[in-house]
Structure formats: C-alpha cells, structure tokens
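First up is the structure itself, then whatever we jot down about it.
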Amino acid sequence: MSEGTLSRRRFAQTIGAALGAAVVAPDFTKSLGALAAPRQPAGSAGEWIELNSNENPYGPSPKALEAITHSERVASRYPDAKERRVIEAIAKLHGVQPANVMLGCGSGEVLRVADMAFLGPDKFAVAAEPTFEAVLAFARVAHSNGVKVPVTADFRHDLRAMATAGGEKAGLIYICNPNNPTGTIVTKDEMSDFFQPAPKHAVILVDEAYHHFVDNPNYASAFEWFGKVPNLVIARTFSKVYGMAGMRLGYAVASPELIRAMSQHKLWSGANAAVLEAALASLDDQAHVADQKRRLNGTRQWLCKELERDGRRYIPSEANFVMFDVGGDVQPLIRKFQEKKILVGRKFPSMGNWMRITVGTPKEMEAFIAALREIVPVKSARAA
C-alpha cells in the first residue's frame with residue numbers, strides 16, 4: 001500500500017477522529033450473527049423459559065388466532081389484495097394515506113431496506129450505543145459505515161450528539177424509542193428539540209417497536225411530527241404487543257417519496273396469508289392491546305420491585321424488558337441460567353455487566369428471580 005492510500009480501517013479511524021465519535025465498519029457476519037443465530041435451543045416446546053428476545057409470552061389475540069385458522073381459504077392465492085387491505089387499515093389507524101405505508105417481513109425488513117435506500121460508501125448510519133444492532137449490521141451490506149454515539153449517563157439517547165455526529169456523511173439517523181436494550185425513552189421535548197438541528201439531508205428513522213408499553217407522560221410517538229418533518233420514517237411491528245413475532249410483519253410510515261425509495265429494495269408479495277389475516281384482526285382488537293400492556297407492565301413492575309428488594313441496580317424501563325447490573329461479566333451468568341433451562345438476553349459489549357430480561361408470565365418471572373438469587377446471591381449483588 002502506498003503512503004497516500006488509506007486502508008478501509010484507517011479511513012474509518014480517521015473519520016472517527018474528525019467526528020469525535022466511534023465510526024465502525026462492522027464485519028457483517030459477526031455483527032448480524034447475534035441477531036440471526038437461533039434463539040431457541042433444541043428441545044421440546046415449553047422445556048425452556050424464554051426471556052431472551054423481548055417476545056410477548058401471551059401470543060396473539062383470540063380474534064387473531066381465529067383469523068389465522070381461516071387463512072387457508074386464501075392460502076392458494078398471492079397476498080397482494082390482502083396486503084392492500086392491511087395497508088389501508090394501517091393508514092386509517094394513523095390518519096395517513098395508503099401511499100404513506102409499506103409492509104415488511106417484521107420491522108427488520110424495514111430497517112434493512114432503509115439502509116439499502118439511504119446509505120452507501122459516502123453515507124453513514126448514526127445510532128446510539130447500545131441500541132438494536134440491525135441498522136448498523138445491514139449498513140455493511142450497503143457498503144456503508146456506522147457512527148456509534150454512546151448513550152448518556154442515564155442510558156438514554158444523546159440526541160444532541162447524534163444530530164451532528166455524521167456531519168455531511170450522515171445518511172440515516174436511527175432512534176429506537178423506547179430503546180432496545182436499555183428500555184429508556186426519548187421524551188417529547190427532546191424529540192422536538194432534535195428535529196431542528198438534525199441534518200435535512202439524512203433520513204431520520206424512528207423505531208417504535210415497543211411504543212405500546214410506554215406509560216411515561218413525557219413520551220410522544222414520532223407520529224406527532226409526521227407531515228412536519230419530511231425526512232422522517234417511522235417503523236412499527238406486530239411482533240411485540242400484538243404477540244406475533246413468529247409470523248413476521250412490520251411496517252413503515254413515511255412520505256410517498258421515501259416509501260417508494262425503500263420499496264425498491266423489498267420483496268414483492270413478502271407477507272403470508274396467515275399473518276395478514278391476523279394483522280387485520282389485531283388492528284380491530286385494541287382492547288387486547290390495552291390488556292397486554294396492563295399485564296406485561298404489571299409484571300415488569302413486580303420484577304423491578306424484586307430487584308430493588310435485593311439491592312440490585314436496574315434501568316427504569318418503558319418496554320417489555322428490563323436491564324440490571326450483575327456486578328461483573330454477564331456472559332458466564334448467561335450460561336449458568338441456560339443450565340437451569342432459562343434463556344436470558346445476549347451480552348451487549350458496551351454494557352458487559354448488564355443483563356437484559358424479557359418480561360414473561362408471572363410464573364416465569366418467579367422462576368427467574370429464584371434462579372437469580374441462587375446464581376448471584378443478594379449479598380454479592382449488594383457488594384457489587
């Protein structure tokens with residue numbers, strides 16, 4: 001290599017120093033591996049307590065389950081007409097036009113096509129550290145890099161830093177609200193203040209996968225700014241409160257121009273008949289959404305009280321999971337829980353002492369707390 005030639009790694013380091021943030025060119029296989037690896041070990045159904053993937057243990061609503069059983073009537077037909085019906089229902093829910101809506105195979109496909117549409121060698125993705133890693137992993141496929149902006153001392157997005165972190169090279173700014181894995185929120189005032197200095201040349205992607213669980217009155221959905229911020233994309237999913245993680249359906253809401261740009265990179269007819277029938281039924285059953293929020297948030301509050309009783313430090317969460325400090329490297333403890341047939345969240349490198357726990361049923365959480373007190377005794381937790 002000649003003196004005047006910069007290697008890819010050296011280029012990333014140089015840009016990082018200039019931006020004052022960590023610019024990374026992640027190895028796609030490694031960075032996506034944790035997300036794509038099988039989440040369930042071999043074994044019979046119900047053998048494991050699964051608290052590792054932020055799923056809803058109660059599953060879809062009864063109306064959605066009934067709709068799924070009737071989906072065989074349209075199983076032989078391509079789903080185009082049913083996709084249009086779901087898009088129209090989502091548009092009605094949010095008070096937008098069908099041209100503002102795009103379906104995806106889970107919100108994961110929404111994040112992927114956003115990267116493909118708005119990133120490239122000269123356009124970076126800006127994201128919090130830690131956050132849901134998919135945007136940074138998919139950026140590698142788009143031959144792009146990522147700018148990681150550390151969360152604040154109270155584990156929240158540093159929006160002021162994120163607004164300028166990518167400079168002219170920012171192609172997409174990703175805000176997970178509430179954030180995975182910390183469970184913290186960007187408040188309404190913070191979001192409002194962010195839009196003014198945020199670069200107009202970058203797409204702002206707000207991931208609201210956990211929106212339905214928020215109780216904090218200072219929170220506001222990004223839909224409050226829809227139509228006022230032209231470079232805004234909002235992602236939602238049926239995986240969490242609707243309890244359909246295994247059926248794979250999410251969606252984006254944005255301007256028609258941004259929807260067209262993303263749609264060029266998505267699969268045609270990518271949704272299956274069963275999930276489309278279930279989605280229509282779920283959207284028509286908002287009482288079930290309220291019930292799931294009540295049940296899961298109530299169990300989350302019980303979990304936090306038990307952590308407090310033990311003297312364990314945790315991050316107040318507005319989602320269906322909680323992070324708490326185990327006082328040391330979390331990886332060995334993940335294995336110890338597996339020995340007890342309990343799956344817990346993966347290790348997040350920037351928060352290596354913190355364990356993420358999905359909120360399960362009351363019985364599952366009681367089993368988890370009993371195992372925790374055995375694996376990390378209360379005296380040890382208080383000492384840490």
Side-chain angles (χ1 to χ4, degrees), residues 1-37 107-152 157-177 179-182 186 194 197-207 231-233 235 252 254 258 261-262 264-266 346-352:
M1 183 185 302
S2 66
E3 274 187 37
T5 304
L6 281 178
S7 69
R8 188 182 187 90
R9 181 178 296 277
R10 180 59 182 155
F11 172 75
Q13 292 171 342
T14 302
I15 293 295
L19 296 176
V23 180
V24 294
D27 181 309
F28 179 69
T29 305
K30 280 186 178 179
S31 54
L32 197 57
L35 304 175
S107 56
E109 186 179 20
V110 172
L111 306 189
R112 183 186 65 81
V113 300
D115 276 9
M116 300 304 291
F118 308 124
L119 299 179
D122 297 321
K123 290 293 182 182
F124 294 167
V126 178
E129 173 60 25
T131 193
F132 185 53
E133 307 99 321
V135 161
L136 294 175
F138 291 136
R140 181 68 180 88
V141 180
H143 304 289
S144 181
N145 291 306
V147 181
K148 294 183 178 181
V149 179
V151 294
T152 59
H157 282 68
D158 188 345
L159 287 189
R160 183 174 298 180
M162 291 178 68
T164 58
E168 291 300 315
K169 291 184 177 293
L172 184 147
I173 300 175
Y174 175 71
I175 301 170
C176 190
N177 192 28
N179 187 37
N180 177 16
T182 61
V186 171
F194 164 77
K200 304 302 183 284
H201 58 268
V203 169
I204 299 167
L205 173 54
V206 181
D207 184 345
N231 54 333
L232 175 64
V233 176
L258 295 180
M262 291 188 292
Q264 294 180 48
H265 301 278
K266 71 183 292 290
R346 64 188 179 275
K347 179 178 178 178
F348 291 83
S350 64
M351 296 181 68

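FYI, the numbering just counts along the sequence from 1.
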Can you sort out the partners of Asp158 under side-chain contact (heavy atoms from CB on, under 4.5 Å), two or more places apart, ordered by chain and number? Val149, Thr152, Arg160, Ala161

Find the distance between OG1 (Thr131) and NZ (Lys148) and round it off to the nearest 0.5 Å. 10.5 Å

If only atom types and distance count, is the side chain of Asn145 paired as donor or acceptor with the main-chain N or O of Phe124 below 3.5 Å? no

Side chain to side chain donor-acceptor pair (under 3.5 Å) against Lys347, all qualifying residues, sequence neighbours excluded: Asp329

Please name the pair of heavy atoms, one in Cys176 and one in His157, separated by the smallest distance, quoted to 0.1 Å. O-CE1, 3.1 Å

Just jot down the side chain to side chain donor-acceptor pair (under 3.5 Å) partners of Thr182, sequence neighbours excluded, or say none. Asn179, Thr184

Which atoms form the tightest heavy-atom contact between Leu119 and Ala142, and what is the distance? CB-CB, 4.2 Å

Test your reading of the model: is there a side-chain donor-acceptor pair from Lys266 to the backbone of Gln264, 3.5 Å cut-off? no

Once you round to the nearest 0.5 Å, how far does CG of Leu111 lie from CG of Leu136? 10.5 Å

side-chain contact (heavy atoms from CB on, under 4.5 Å) filter on His201, not counting sequence neighbours, yields Lys123, Glu168, Ala170, Pro199

Residue list, side-chain contact (heavy atoms from CB on, under 4.5 Å) with Val233, at least two apart or on another chain: Val203, Leu205, Ala252, Ala254, Leu258, Met262

Closest heavy-atom pair, Ala139 versus Ala125, reported as atoms and distance to 0.1 Å, is CB-CB, 4.4 Å

Checking Arg112 side chain against Val141 main chain: does a donor-acceptor pair fall under 3.5 Å? no

What distance separates His265 NE2 from Met116 CE, expressed to the nearest 0.5 Å? 6.0 Å

For Asp207, side chain to side chain donor-acceptor pair (under 3.5 Å) partners two or more places apart: Tyr174

Out of curiosity, Phe138 CZ to Leu172 CG, how far, rounded to the nearest 0.5 Å? 12.5 Å

So which heavy atom on Met162 is nearest to which on Ala128, and how close? CE-N, 3.9 Å

So, do Val186 and Phe194 sit near enough that their side-chain heavy atoms are less than 4.5 Å apart? no

